[in-house]
Participant: 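Here it is: the structure, laid out below.
First the proteins, then the strands, lettered A, B, ... as listed; each starts at 1.
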Protein chains: 2
Amino acid sequence: MKNSLSSFEESAQIFKALAHPARLAILEVLRNGEECVCHLEAILGFRQAYLSQQLAVLREAGILRDRREGWNIYYRIAREDVLDILNTVRSFAPQQGEPIIIPEPQDCDCPKCKRKDSPAADLKILSIQKPLG
Amino acid sequence: MKNSLSSFEESAQIFKALAHPARLAILEVLRNGEECVCHLEAILGFRQAYLSQQLAVLREAGILRDRREGWNIYYRIAREDVLDILNTVRSFAPQQGEPIIIPEPQDCDCPKCKRKDSPAADLKILSIQKPLG
DNA sequence: CAATAACATTCAACTCCTTGAATGTTATTG
DNA sequence: CAATAACATTCAAGGAGTTGAATGTTATTG
């Protein structure tokens, strides 16, 4: 069975991608849907390049997918199952009671945040951008 | 949220313990119940010390529990949930069809294997050892 | 209590991961 | 097409995980 160890290599790669607090934080933010990198930057407080590095790990592991829309690149969770895994592993912790609070972004100028701040301005932006379909 | 990154540290530790093909192979063998180290040695073909190292990682992460019975130490999966996680991650792989075949141990003298080989001999051993309770 | 069986631990060399800094890429604007 | 906004990639130094070899521990046997 030692010989067929490579059959576990693929699973191990997935776990390696998940074995990092910053990447788990990213997944927690993306739990409720796709977000652009600048949005993650505003919420998590990481440097942009650092975020890109961590996002690349998750993307290359097949856990995240990205979608470009003009300047922004939106990341989303590729496999919903991974959320179940995060829930389960979190339930292993001694004090699992503390809920994860995702703060509002502070200085985020992404289309999604502008929409919340001033619906009118956002509509203007939406009319310029190409349709989502 | 960057400040509360430590809240993801615990989960990351679990994933780190799972992020290794040899340790995943061990968990696969233990899927159907507890086994002693010499049994894992016979099935997986690892050196004893190497196995102990990997078992320690899983034990310290709280994924495995051990139980001593005379000379032998039996390891079992502490959290059944972890099997669901393994199943899910395995389903991510491209060719997930291939079933995992756990070979019969070749040179294993543990009580459990002796029982299979010669039931009479095993009964004798059981009568010597202290009860499971 | 000395010898042994079954495991565990320590150590060191090696490899892989992490992360700040610098630089590159792509799409848009004017 | 030059300038810019939003991301991505590369590189190198430091840190963490891996594993073979040697040694230690615990329970049992005689």
Participant: Which pair of heavy atoms, one from Leu24(B) and one from Ala12(A), lies closest together, and at what distance?
Facilitator: CD1-N, 3.6 Å
Participant: Roughly, in whole Å, what's the span from CD in Glu41(B) to C1' in dA8(C)?
Facilitator: 13 Å
Participant: Would one find a side-chain N or O of Arg47(B) under 4.0 angstrom from OP1 or OP2 of dG20(D)?
Facilitator: yes
Participant: Under the criterion side chain to side chain contact (heavy atoms under 4.5 Å, CB included), I'd like the reasoning laid out for Ile43(B) against His39(B): C-alpha separation, chi angles, the key distance, then a yes or no.
Facilitator: CA-CA 6 Å; Ile43(B) 289 183; His39(B) 195 90; 3.5 Å; yes
Participant: Check whether Ser91(B) reaches the backbone of Thr88(B) with its side chain - one donor and one acceptor, N or O, closer than 3.5 Å.
Facilitator: yes
Participant: Hunt down any stem DNA chain D takes part in, defined as 3 or more consecutive Watson-Crick or G-U pairs whose two distances are each under 3.5 Å.
Facilitator: C:1-30 with D:1-30
Participant: So does Arg65(A) have more than 12 non-hydrogen atoms from other groups sitting under 6.0 Å from CZ?
Facilitator: no
Participant: By nearest atom, which of the nucleotides dA8(C), dT9(D), dT19(D) is closest to the Leu55(B) side chain?
Facilitator: dA8(C)
Participant: If I take atom CD1 from residue Ile85(A) and atom CZ from residue Phe15(A), how far apart are they, to the nearest 0.5 angstrom?
Facilitator: 6.0 Å
Participant: Taking donor-acceptor contacts at under 3.5 Å, does the side chain of Gln53(B) reach the base of dA8(C)?
Facilitator: no
Participant: For the pair made of CZ in Phe46(B) and C1' in dT19(D), what is the distance, rounded to whole Å?
Facilitator: 11 Å
Participant: By nearest atom, which of the nucleotides dC7(C), dT28(C), dA27(D) is closest to the Trp71(B) side chain?
Facilitator: dA27(D)
Participant: Distance check needed: dT26(D) C1' versus Tyr74(B) OH, whole Å only.
Facilitator: 16 Å
Participant: If the cut-off is 4.0 Å, is Arg59(B) near the phosphate of dT9(C), judged by side-chain N/O to OP1 or OP2?
Facilitator: yes
Participant: Looking at every non-hydrogen atom in both residues, tell me the closest pair between Cys36(A) and Tyr74(A) and how far apart they are.
Facilitator: N-CD2, 3.5 Å
Participant: Verify the contact: side-chain N or O of Tyr75(B) to OP1 or OP2 of dA8(C), cut-off strictly under 4.0 Å; return yes or no.
Facilitator: yes
Participant: Taking only side-chain nitrogens and oxygens of Asn72(A), does any of them come within less than 4.0 Å of OP1 or OP2 of dA5(D)?
Facilitator: no
Participant: Given atom CZ of Arg67(B) and atom C1' of dA27(D), what is their separation to the nearest angstrom?
Facilitator: 15 Å
Participant: Within residues 20-32 of chain A, which residues have any heavy atom lying less than 4.0 Å from an atom of DNA chain C?
Facilitator: His20(A), Arg23(A)
Participant: Just verifying a value: how many Å separate Leu18(A) CG and Phe8(B) CZ, rounded to the nearest 0.5 Å?
Facilitator: 12.5 Å
Participant: With hydrogens left out and only the distance checked, is there a donor-acceptor pair under 3.5 Å joining Gln54(B)'s side chain and the base of dT19(D)?
Facilitator: no
Participant: Measure CD/Gln13(A) against P/dC16(C) and give the value in whole Å, please.
Facilitator: 11 Å
Participant: Please collect all salt bridge (Lys or Arg N to Asp or Glu O under 4.0 Å) contacts where either partner lies in residues 8-30 of chain B, sequence neighbours excluded, each pair once.
Facilitator: Glu28(B)-Arg31(B)
Participant: Whole-Å distance between dA27(C) C1' and Asp66(A) CG?
Facilitator: 15 Å
Participant: Given atom CD of Gln48(B) and atom P of dA6(C), what is their separation to the nearest angstrom?
Facilitator: 10 Å
Participant: Could you check if a side-chain atom of Gln54(B) sits within less than 4.5 angstrom of a side-chain atom of Phe46(B), using non-hydrogen atoms only?
Facilitator: no
Participant: For the pair made of CD1 in Ile73(B) and C1' in dA8(C), what is the distance, rounded to whole Å?
Facilitator: 8 Å
Participant: Flag this pair as yes if the NZ/CZ of Arg79(B) is under 6.0 angstrom from the six-membered ring centre of Phe92(A) and inside a 45 degree cone about the axis; otherwise no.
Facilitator: yes
Participant: Among dG20(D), dA22(C), dA5(D), which nucleotide sits nearest the side chain of Tyr50(B)?
Facilitator: dG20(D)
Participant: Using the closest heavy atom to pick a nucleotide of DNA chain D for each, name whichever of Ala56(A) or Lys16(A) lands nearer the 5' end.
Facilitator: Ala56(A)
